[in-house]
Amino acid sequence: DIQPVINTSITTTSEMRSLTLLTLLGACLGQKPARIGPDGKPLLNRPDVNECMKRKTHMKVGNHNYFLSWREPWHKFEDWDWFNGRNFCRDRCMDLVSFNTPGEFKMFEEIMKRDNVTSIY
């Protein structure tokens, strides 16, 4: 199962850039139109069972599966913000990544370097 990874202790600019990059996991063609709340603001999507069943992952570490958007061919055509990235993940019963440990951050830092991911916008 894909597990949400939650951490609120991101402190450095490098960590924030990395986190922001990873939050762009949700960039995808065919994003559903946003649901709008009574106040006119967009709402977070609810999980879509069909999308959850066909979600893909790029790697698994322990009990966590990771979808790395920059490894998808459609990624280079997308420029999504945090909110749309989060909705993409929620549609698929996933959540945006954050880092629980310095080791987890280091692992992603190395993957991003190896994949030549140097910027987020």
Side-chain angles (χ1 to χ4, degrees):
D1 292 18
I2 295 178
Q3 302 292 322
V5 182
I6 301 169
N7 179 8
T8 59
S9 62
I10 304 302
T11 56
T12 68
T13 301
S14 177
E15 286 173 320
M16 288 303 294
R17 284 185 183 147
S18 296
L19 177 59
T20 304
L21 172 64
L22 293 171
T23 62
L24 295 177
L25 296 175
C28 168
L29 295 171
Q31 180 78 18
K32 292 180 185 177
R35 295 182 313 120
I36 306 298
D39 60 358
K41 295 181 180 177
L43 301 171
L44 287 173
N45 289 354
R46 296 181 183 108
D48 178 321
V49 174
N50 291 327
E51 292 296 327
C52 294
M53 298 301 291
K54 63 183 183 181
R55 68 184 173 213
K56 71 183 282 188
T57 63
H58 294 104
M59 59 184 266
K60 183 173 183 173
V61 177
N63 291 326
H64 299 283
N65 289 282
Y66 297 92
F67 175 83
L68 307 174
S69 63
W70 64 84
R71 291 187 177 171
E72 291 298 304
W74 48 259
H75 180 264
K76 64 183 175 182
F77 301 110
E78 297 297 324
D79 186 19
W80 293 84
D81 59 15
W82 179 90
F83 189 83
N84 285 315
R86 180 111 193 259
N87 271 339
F88 175 87
C89 291
R90 287 178 58 93
D91 283 345
R92 290 154 181 81
C93 301
M94 302 185 297
D95 206 345
L96 299 173
V97 72
S98 61
F99 306 113
N100 287 326
T101 66
E104 186 179 22
F105 169 75
K106 184 70 174 161
M107 176 183 70
F108 274 95
E109 185 177 49
E110 290 169 7
I111 291 168
M112 291 163 50
K113 184 175 181 179
R114 184 175 57 238
D115 287 357
N116 198 30
V117 176
T118 59
S119 65
I120 56 174
Y121 289 107

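As the structure is a prediction and not an experimental result, all values here were calculated from the model. This chain uses plain numbering: 1 for the first residue, then up along the sequence.
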Original post:
Given the rule that I, L, V, M, F, W and Y join up when any side-chain heavy atoms are under 4.5 Å apart, are V61 and W70 in one cluster?
Top reply: yes

Subject >> Close side-chain approach of K41 and I36, heavy atoms under 4.5 Å >> reply: no

Original post:
Rounded to the nearest 0.5 Å, how far does CE of M107 lie from CE of M112?
Top reply: 11.5 Å

Original post:
Between atom CD of E104 and atom OG of S98, what is the distance when rounded to the nearest 0.5 Å?
Top reply: 7.5 Å

**OP:** Taking the side chain as every heavy atom from C-beta outward, state whether L44 and F83 have any atom pair closer than 4.5 Å.
**Re:** yes

Original post:
Are the charged groups of E109 and K106 less than 4.0 angstrom apart, N to O?
Top reply: yes

Original post:
Side chains of I111 and Y66: closer than 4.5 Å at any heavy-atom pair?
Top reply: no

Original post:
CE/M94 to CD/E51 distance, rounded to the nearest 0.5 angstrom?
Top reply: 9.5 Å

Original post:
Roughly how far, to the nearest 0.5 Å, is the NE2 atom of H58 from the CG atom of D115?
Top reply: 9.5 Å

Original post:
Hey, what do you get for CG (D95) to SG (C89), rounding to the nearest 0.5 Å?
Top reply: 6.5 Å

Subject >> Among E72, R92, M59, R55, side chain to side chain contact (heavy atoms under 4.5 Å, CB included) partner for F67 >> reply: E72

Original post:
With R35, which residues qualify under side chain to side chain donor-acceptor pair (under 3.5 Å), at least two apart?
Top reply: none

**OP:** Kindly compute the distance separating CG (D48) from CG (N87), expressed to the nearest 0.5 Å.
**Re:** 12.0 Å

Original post:
Is the shortest side-chain N to carboxylate O distance from R46 to D91 below 4.0 Å?
Top reply: no

